[in-house]
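Structure first, commentary second.
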2 protein chains.
Amino acid sequence: MKISAKVDYALQAVVEIAVATKKDSLISTEEIASRRDIPEKFLEGILTLLRKSGVINSYRGPSGGYELAKKPQDIAVADIIRIIDGPLAAVRGFAPEEIEYAGPVKHVADVWIATRASLRNVLENISIADILSGDFDVSVSKLLNEKDARKRRKA
Amino acid sequence: MKISAKVDYALQAVVEIAVATKKDSLISTEEIASRRDIPEKFLEGILTLLRKSGVINSYRGPSGGYELAKKPQDIAVADIIRIIDGPLAAVRGFAPEEIEYAGPVKHVADVWIATRASLRNVLENISIADILSGDFDVSVSKLLNEKDARKRRKA
DNA sequence: CTATTTTCCTACTATACTACTAGGAATTAA
DNA sequence: TTAATTCCTAGTAGTATAGTAGGAAAATAG
């Protein structure tokens, strides 16, 4: 269950682009890369994916750069993850319901279904606007306020 | 956010072992492998990890095999994932709170914290006993009964 | 005591993925 | 025309995933 560097970078990049767009300006790859300490050429590839999926628009030439193609409240974290990394939760590369669990292990399917549902509830419910404001949906705030939410679990 | 073959196999194996233990008998690697269609030698490595972590006991020789070392209700899915794959949610290999998100991206940290909290809520709350009975905690049942929980999301 | 069945242990392999890097072509603005 | 930008193709090193192979150690049944 790892969150890749690519997804983390993508999310940070989209937030930086959102900030620029709010000021009616464009932001370049180099600017994002240096602000967020992301390898520039690596970031380039990420921005290409976001553009091809219609999350951002791009303009070339001097004073070119990127802007958001949608309203910040209409871009969910889940969207970005799916664009960059594919499905939110895949078991051995398959969707949970595609695997056959026969006999006593039948309900193992439910474990992965519930896992996916839970990820959806969080990630579909956080938008770029929420990240900008820090003002999250109640369901998300509840998670953040849980005891030890910000602590690593003992092995 | 992929669930590895290893974790999926491990969970299935533990369930099969739980079934055997309930009948006061041992089950061999070969038996599990053939029942659940898991490569035998690959499964061997998985069972070694589970044994070293104290989830199962092993006995050698003819009529040897594995049994659960704990009660099924005391083994959570989260435990198995941590044994096999490491932390439930790691961002670029780090725990969410270890990464510095400065300036406007500050709240990106909260996204990953909430993601981890949400995974914990599901995976700490499903035990092997629950998988055997199919009778899950209310919080988990709620997730399973959500609309489209068993359907893939459109890209 | 021997044959057999099992776990246990070390090592190896092929493939894919992750996280990058390099070089230059196309576009646009000053 | 120059410089700044995105766009496009093609790499590469390292790590992780999903296995395989071969045999040693232990236990049981005969």
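Here is how names work: the chains are called A, B, and so on, in the same order as the sequence lines, proteins then strands, and each is numbered from 1.
- Of the listed nucleotides (C:dC20, C:dC8, D:dG19), C:dC20 has the atom at the smallest distance from the side chain of A:Tyr9.
- Atom CG in A:Leu50 sits about 15 Å away from atom C1' in D:dC7, given to the nearest Å.
- A salt bridge does not link A:Lys142 with A:Glu146: every distance from a Lys NZ or Arg NE/NH1/NH2 to an Asp or Glu carboxylate oxygen is 4.0 Å or more.
- B:Leu26 has its CG atom 15 Å from the C1' atom of D:dA26, to the nearest Å.
- Contact check, A:Tyr59 against C:dA26: no side-chain N or O comes under 4.0 Å of OP1 or OP2.
- Residues B:Ile27 and A:Pro62 each lie close to DNA chain C; by heavy-atom proximity, the contact nearer the 5' end of the strand is made by B:Ile27.
- Minimum atom distance to the side chain of B:Lys6 is reached by D:dA18, of the listed D:dA18, C:dA29, D:dT28.
- Salt bridge annotation for B:Arg92-B:Glu98: absent, with no cationic side-chain nitrogen under 4.0 angstrom from a carboxylate oxygen.
- Of the inter-residue distances, the one linking B:Tyr66 atom OH with B:Thr29 atom OG1 reads 4.0 Å to the nearest 0.5 angstrom.
- A side chain to side chain contact (heavy atoms under 4.5 Å, CB included) with A:Val122 is found for exactly one of B:Asn121, B:Thr115, B:Val111, namely B:Thr115.
- Contacts between residues 87-96 of chain A and DNA chain C, counted as heavy-atom distances below 4.0 Å, involve no residue at all.
- Taking side-chain N and O atoms only, A:Ser58 has a distance below 4.0 Å to OP1 or OP2 of D:dC7.
- Look at NZ on B:Lys2: it is 10 Å from C1' on D:dT17, rounded to the nearest Å.
- DNA chain C is contacted by B:Ser28, B:Thr29, B:Lys41, B:Glu44 of residues 28-46 of chain B, taking any non-hydrogen atom closer than 4.0 Å.
- Of the possible polar contacts, none joining the A:Arg82 side chain to the A:Leu88 backbone as a donor-acceptor pair under 3.5 Å is found.
- Under a 3.5 Å cut-off, the side chain of A:Arg150 and the backbone N or O of B:Pro96 do not form any donor-acceptor pair.
- For B:Asn57 and C:dC8, the CG to C1' distance is 15 Å, given to the nearest whole Å.
- Atom CG of A:Asp85 is separated from atom C1' of C:dC17 by 11 Å (rounded to the nearest Å).
- As a whole-Å value, the separation of B:Leu49 CG from C:dC8 P is 12 Å.
- When each of B:Leu50, B:Thr21, B:Thr48, B:Leu49 is checked for a side chain to side chain contact (heavy atoms under 4.5 Å, CB included) with B:Ile56, only B:Leu50 meets the rule.
- What separates CZ of A:Arg51 from P of D:dT6 is a distance of 11 Å, to the nearest Å.
- The distance from the CD1 atom of A:Ile99 to the CD atom of B:Gln12 is 8.0 Å, given to the nearest 0.5 Å.
- Rounding to the nearest 0.5 Å places CG of A:Asp8 at 8.0 Å from CD1 of A:Ile38.
- A donor-acceptor contact under 3.5 Å links the side chain of B:Arg60 to the base of C:dT7.
- As rounded to whole Å, 15 Å separates atom C1' of C:dA19 from atom CD of A:Gln12.
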